[in-house]
2 protein chains.
Amino acid sequence: MTQLDLRIVKTKEALHIALLTLLKNKPLEAISISEICRIAKVNRGTFYLHYTQIGDLFEEYFKEIVEDLANSYQEPYRHVIKLNPKELNPTTIRIFHHVEKYKEYYRIILSKNVPLTYYYLLLEEVKRLLRGNLDKDYKLEDSIDSNFQATYAANAILGLIIEWYNNDFEQEADYLNEQLVKILRLT
Amino acid sequence: MTQLDLRIVKTKEALHIALLTLLKNKPLEAISISEICRIAKVNRGTFYLHYTQIGDLFEEYFKEIVEDLANSYQEPYRHVIKLNPKELNPTTIRIFHHVEKYKEYYRIILSKNVPLTYYYLLLEEVKRLLRGNLDKDYKLEDSIDSNFQATYAANAILGLIIEWYNNDFEQEADYLNEQLVKILRLT
DNA sequence: TAAATTATTGAACAGTTGTACAATAAAATT
DNA sequence: AATTTTATTGTACAACTGTTCAATAATTTA
C-alpha cells in the first residue's frame, strides 16, 4: 500500500516552489493565492483541496525549519564559549546560530503583519527543548508551575531574538550567546 | 483653529461601534471591511480614507488598552502580596490584573490568526515600564546591552501571559504574581 | 493490463478588495 | 450668513476569494 499519491506530491511541490519564488520579491501578506497557482500552474481549486490559506503552505516550510532547530540540538556543540555549565546549559544556547542560518525566514515570521501562529510554533519547540534542561538544572519547588516556568524562560529567549531581529540581525550569534549568559548571571 | 472635523469623529465612532458589535459574534479575521461599513452605515470608500486594514481600526482600541496599562502603574498598588521589594519591584507585577480586566481583548490579540503587531505594541509598553526598574534595581554591567536585557525581561513576562491565555485565564491574577516571584527567586 | 479510485481541471457565482473620480453634503472660517 | 474647505457618497472596475459541480486525467490496486 502506498501512502502518497504522486499527483499530490507534484502539486504541493509546485506550490512550494511558487511561494518561495514569490517570497523573493514581496512579503507574505502581499502574495495572493491566485498568483501562486498561476506560477505553479495549478488550478486554484486544487489549492483549496490541500490548504485553506497561504499561511498553511508557508507553515509546511516553517515546520521543517523548526525541525532543524530540534535536530541541531542532537549534534555536539562546537562553538565553544567560556561559560560555566552550572549556570547555563550550553545546549540551551544553540538557538541563535540556528536563527542566523535561517534568518531570511525569521525575518518573515517575525514581521508585524504576519499571524502569531509561526511564533507559537517556535515557542512550543523552544519550550520543549528547554524543559529537559530546566528539570535537570534546577530543583523545582513543588509550588511552581513548570508550564509557566518553561514558557517564561522560552519566551525570554525569543525576546532576545525579537530584539536581534529589530537590529536586523546585525550582531553575531555568539554575541547573543554572551548577552544571554550575562543576563542570566545577573538576575 | 479646530483640530478635529466633526464628520471624521462621527465616522470613526460609527466604525468603532460596528467593529465591536461584530467582534461579539466572530473573530477578527472573519470580519470584512464591507461588513463593518454596512453596519456603520459608512461608505466603504470612507473607510479607506482613514484606515488601510481592519487591523488599523482595532489598533485604535488596543492602544487605549495599552494606555490603561501604563496608567495603572501610576496609582499606588493595592493588591498587597508579601514579596521582597529588593527582589522584585511590585510595580512590575501589576500587569496581570490589567490583563485580567481586559481579558476579552487579550483573547483576541493573542489568538493565532491575528498579526503580531498588537503583541509588539504590548511588548514595547512593557519594556518601557520595566526599563525604569531594571536600571534602578540592578547595577548594569557595562558590557550588557540594556535593549536586549529589557526585551528579555519584558518578553518573559509576556510568556507568562501567553501560558495564562492558553489556560483560558483560569487562574487568578494574584496566582500569576506568585508564580513570577517564585520564578525570579529561582533563577 | 484492466478496473477502480481519486486528484485535478475548468467554469461559474456571489461576495470582497483596493482604487479612482465627479457630485454632494457637511463642517469650519471669515 | 455667505463662502471656502474638505469629508462623504455613489458608482464603476479589475482582481481576488471561497465554494460548488460535472468532466477528465493521473495514479493506484487487483
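Convention: sequence-line order gives letters A, B, ...; per-chain numbering from 1.
- For the atom pair CG (A:L130) and CZ (A:R128), the distance works out to 11.0 Å, reported to the nearest 0.5 Å.
- Taking the six-membered ring for Trp and the full ring otherwise, the centers of B:F58 and B:Y118 sit less than 6.0 Å from each other.
- Across all strands shown, B:K12 has no heavy atoms under 4.0 Å from either base or sugar-phosphate atoms.
- Between B:N43 atom CG and C:dG18 atom C1' there is a gap of 13 Å when expressed in whole angstrom units.
- In this structure, B:R44 atom CZ and C:dA20 atom P are separated by 13 Å, rounded to whole Å.
- For the pair B:L23/B:E104, no side-chain contact is recorded, criterion being any heavy-atom separation below 4.5 Å from C-beta on.
- When rounded to the nearest whole Å, the span between CG of A:L22 and P of D:dC16 equals 12 Å.
- Remark: B:S32 is not in phosphate contact with C:dG15, judged by side-chain N or O atoms under 4.0 Å from OP1 or OP2.
- The distance from atom CG of A:D56 to atom C1' of D:dG18 is 14 Å, rounded to the nearest whole Å.
- Of the residues B:K101, B:E100, B:H98, the one that meets the side-chain hydrogen bond (donor to acceptor under 3.5 Å, both in side chains) test with B:Y106 is B:H98.
- If you measure from atom CG of B:L49 to atom P of D:dG10, you get 14 Å, rounded to the nearest angstrom.
- At D:dT27, one or more side-chain N or O atoms of A:K10 fall inside 4.0 Å of OP1 or OP2 (strictly under the cut-off).
- Between the base of C:dA26 and the side chain of B:R7 there is a donor-acceptor pair shorter than 3.5 Å.
- Between A:H50 and C:dA7 there is no side-chain N or O to OP1 or OP2 distance below 4.0 Å.
- Taking atom CG on B:L4 and atom C1' on D:dT5, their separation rounds to 16 Å, with Å as the unit.
- Aromatic ring centres of A:Y119 and B:Y119: separated by under 6.0 Å.
- Defining each end axis of the helix from C:dT1-D:dA30 to C:dT30-D:dA1 as the rotation carrying four pairs' C1' atoms onto the next four, with five pairs an end, the two axes are found to diverge by 40° to 10 degrees.
- Residue A:D5 contributes atom CG, which lies 5 Å from atom P of D:dT28 at whole-angstrom precision.
- For A:S34 and D:dT17, the shortest distance from a side-chain N or O to OP1 or OP2 is below 4.0 Å.
- Between B:L69 and B:L129, the closest side-chain pair of non-hydrogen atoms falls below 4.5 Å.
- What separates CZ of B:F47 from P of C:dT16 is a distance of 14 Å, to the nearest Å.
- OP1 or OP2 of D:dA7 has not a single side-chain nitrogen or oxygen of B:T46 nearer than 4.0 Å.
- A donor-acceptor contact closer than 3.5 angstrom links the side chains of A:Q179 and A:Y175.
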